[in-house]
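Working notes for the structure below.
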Amino acid sequence: MRLTDHVELVASGAAGFDLTDPLDCHVYLVRGERGWALVDAGAGASAATIAAAVPDGPGERHLLLTHGHADHAGGAAALAELLPGLDVRAAEPARAWIAAGAESMLSVDRGRAAGVYPAGYAFPPCPSVRPVADGERIDLGGVVLHAIATPGHADGHVCYLLDAPEGRALFSGDCVFAGGRISLQNLHDSRVPEYARSVARLAGLEIDALLPGHHEISLARARRHLTAARDVFARGLLPESTT
Ligand SMILES: [Zn+2]
């Protein structure tokens, strides 16, 4: 599904548009002149579909993970196998948990117990994942992505800001959703003060599009979603939370 001149939606599950496996988050493909990047990987069952959607041929190939939860990072290992040379990135400490398949740190055990993931779901370790640092630039040629550390939903959560000729888009993962909703969960690394700081930082950005990990996508005037969440936090309250 083409969203902008440079961005397509290549997977999306039940908390989205039902394009692929129900467990999948939104998976985006960003195309540049000298390479491409996937933002997030889905849970794993759709890896072949996602791999078939990326351009053939030479050029840089990146998989930029927003965080380690299985609906976003569970497909990383399968994509790394299907797409030789794939540069898989995530921020610490999530990177180490993804590399090791540390299910308790990634809250996969809690998700299985709650029925979010099927009883037989296992998180495949992705040993090739490398760290991405706050402020790092990934230049795809004509379009540039910037990593922004945004802990709160989970440790190691990163958003990616895209500068493209048609405008600026924020891949917000599970940090901020349309309408200023957030995702605060009863998990070991969901942290309110960090969340508030991350959202305040994002709300300082001028963006056109908000491309979150689930639910609606906003293609214009999208900063309003960020400022709405920031303003609720600033009053000492919690924005509405979603999954
Ligand atoms: Zn998450």
Side-chain angles (χ1 to χ4, degrees), residues 13-16 21-27 39-44 63-77 88-134 147-160 171-177 180-202 212-215 226 229-230 232-233 236-243:
D21 185 69
L23 292 177
D24 290 340
C25 66
H26 294 334
V27 177
V39 178
D40 280 331
L63 169 57
L64 306 176
L65 299 171
T66 58
H67 63 299
H69 289 161
D71 51 334
H72 295 254
V88 185
R89 311 291 292 277
E92 301 288 6
R95 186 212 62 80
W97 301 339
I98 295 163
E103 292 198 342
S104 63
M105 300 310 287
L106 296 167
S107 300
V108 176
D109 52 349
R110 296 284 304 276
R112 266 197 310 261
V116 176
Y117 304 119
Y121 184 86
F123 188 102
C126 182
S128 63
V129 59
R130 300 195 300 127
V132 66
D134 183 43
I148 305 172
T150 44
H153 169 75
D155 285 353
H157 191 289
V158 178
C159 295
Y160 297 95
F171 296 100
S172 59
D174 280 354
C175 184
V176 187
F177 299 91
R181 288 168 294 164
I182 64 168
S183 177
L184 195 62
Q185 299 177 307
N186 180 22
L187 299 175
H188 76 94
D189 58 344
S190 214
R191 306 177 195 277
V192 172
E194 286 84 349
Y195 217 138
R197 276 195 292 273
S198 293
V199 167
R201 186 178 180 200
L202 294 178
H214 304 279
H215 310 300
L226 308 178
R230 176 201 60 192
V232 177
F233 273 128
L237 303 173
L238 294 177
E240 182 187 343
S241 190
T242 183
T243 52

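Heavy atoms only: backbone and side chains are in, while hydrogens, waters and symmetry mates are out.
Under the side chain to side chain contact (heavy atoms under 4.5 Å, CB included) criterion, Ala15 pairs with His214, His215, not counting sequence neighbours. For the side chain to side chain contact (heavy atoms under 4.5 Å, CB included) test, residues two or more places apart in sequence or in another chain that qualify with Pro93 are Trp97, Asp155. Partners of Glu240 under the salt bridge (Lys or Arg N to Asp or Glu O under 4.0 Å) rule, at least two apart in sequence or in another chain, do not exist in this structure. Taking the salt bridge (Lys or Arg N to Asp or Glu O under 4.0 Å) definition, one finds that Glu103 meets it with Arg112, sequence neighbours left out. Scanning for salt bridge (Lys or Arg N to Asp or Glu O under 4.0 Å) contacts around Asp109 gives an empty result, with sequence neighbours left out. By the side chain to side chain contact (heavy atoms under 4.5 Å, CB included) test, Ala100 pairs with no residue at all, sequence neighbours left out.
No side-chain donor-acceptor contact under 3.5 Å links Ser198 to the backbone of Gly152. Proximity of a side-chain donor or acceptor of Tyr121 to a complementary backbone N or O of Ala43 within less than 3.5 Å is detected. The backbone N or O of Ser183 sits nowhere less than 3.5 Å from a side-chain atom of Thr242 that would complete a donor-acceptor pair. The backbone N or O of Val132 sits nowhere less than 3.5 Å from a side-chain atom of Arg95 that would complete a donor-acceptor pair. Judged by distance alone, with hydrogens and angles left aside, the side-chain atoms of His69 form no donor-acceptor pair with the main-chain N or O of Ser107 at under 3.5 Å. Listed for the Asp71 side chain is no donor-acceptor partner under 3.5 Å among the backbone atoms of Asp24. A distance-only check finds no donor-acceptor pair linking the side chain of Tyr117 to the backbone of Ala122 [under 3.5 Å]. Remark: side-chain polar atoms of Arg110 are not paired, donor with acceptor, to backbone N or O of His188 under 3.5 angstrom.
When all heavy atoms are compared, the tightest approach of Asp40 to Leu65 is OD1-CA, 3.4 Å. Gly74 and Pro124 get closest at one heavy-atom pair: O-CD, 3.4 Å. Here the closest heavy-atom approach between residue Leu202 and residue Leu226 is recorded as O-CD1, 3.4 Å. Contact detail for Phe177 and Pro212: the closest heavy-atom pair is CD2-CB, 3.9 Å. The heavy-atom pair separating Gly42 from Val27 by the smallest distance is N-CG2, 3.5 Å. In terms of heavy-atom proximity, Pro239 sits nearest to Ala229 at CG-O, 3.7 Å.
Rounded to the nearest 0.5 Å, atoms OH (Tyr160) and CG (Leu64) are 5.0 Å apart. Considering NE2 of His153 and CG of Asp174, their distance stands at 3.5 Å, rounded to 0.5 Å. In this structure, the separation between OG on Ser190 and CD1 on Ile182 is 8.0 Å, given to the nearest 0.5 Å. The distance from atom OG1 of Thr243 to atom CZ of Arg181, rounded to the nearest 0.5 Å, is 9.0 Å. In this structure, Ile98 CD1 and Glu92 CD are separated by 9.0 Å, a value rounded to the nearest 0.5 Å. Once rounded to the nearest 0.5 Å, the distance linking CD1 of Ile148 with OG1 of Thr66 reads 12.5 Å.
For the ring pair (Phe, Tyr, Trp, His ring centres under 6.0 Å) with His72, the qualifying choice from His26, His157, His67 is His67, the only one to do so.
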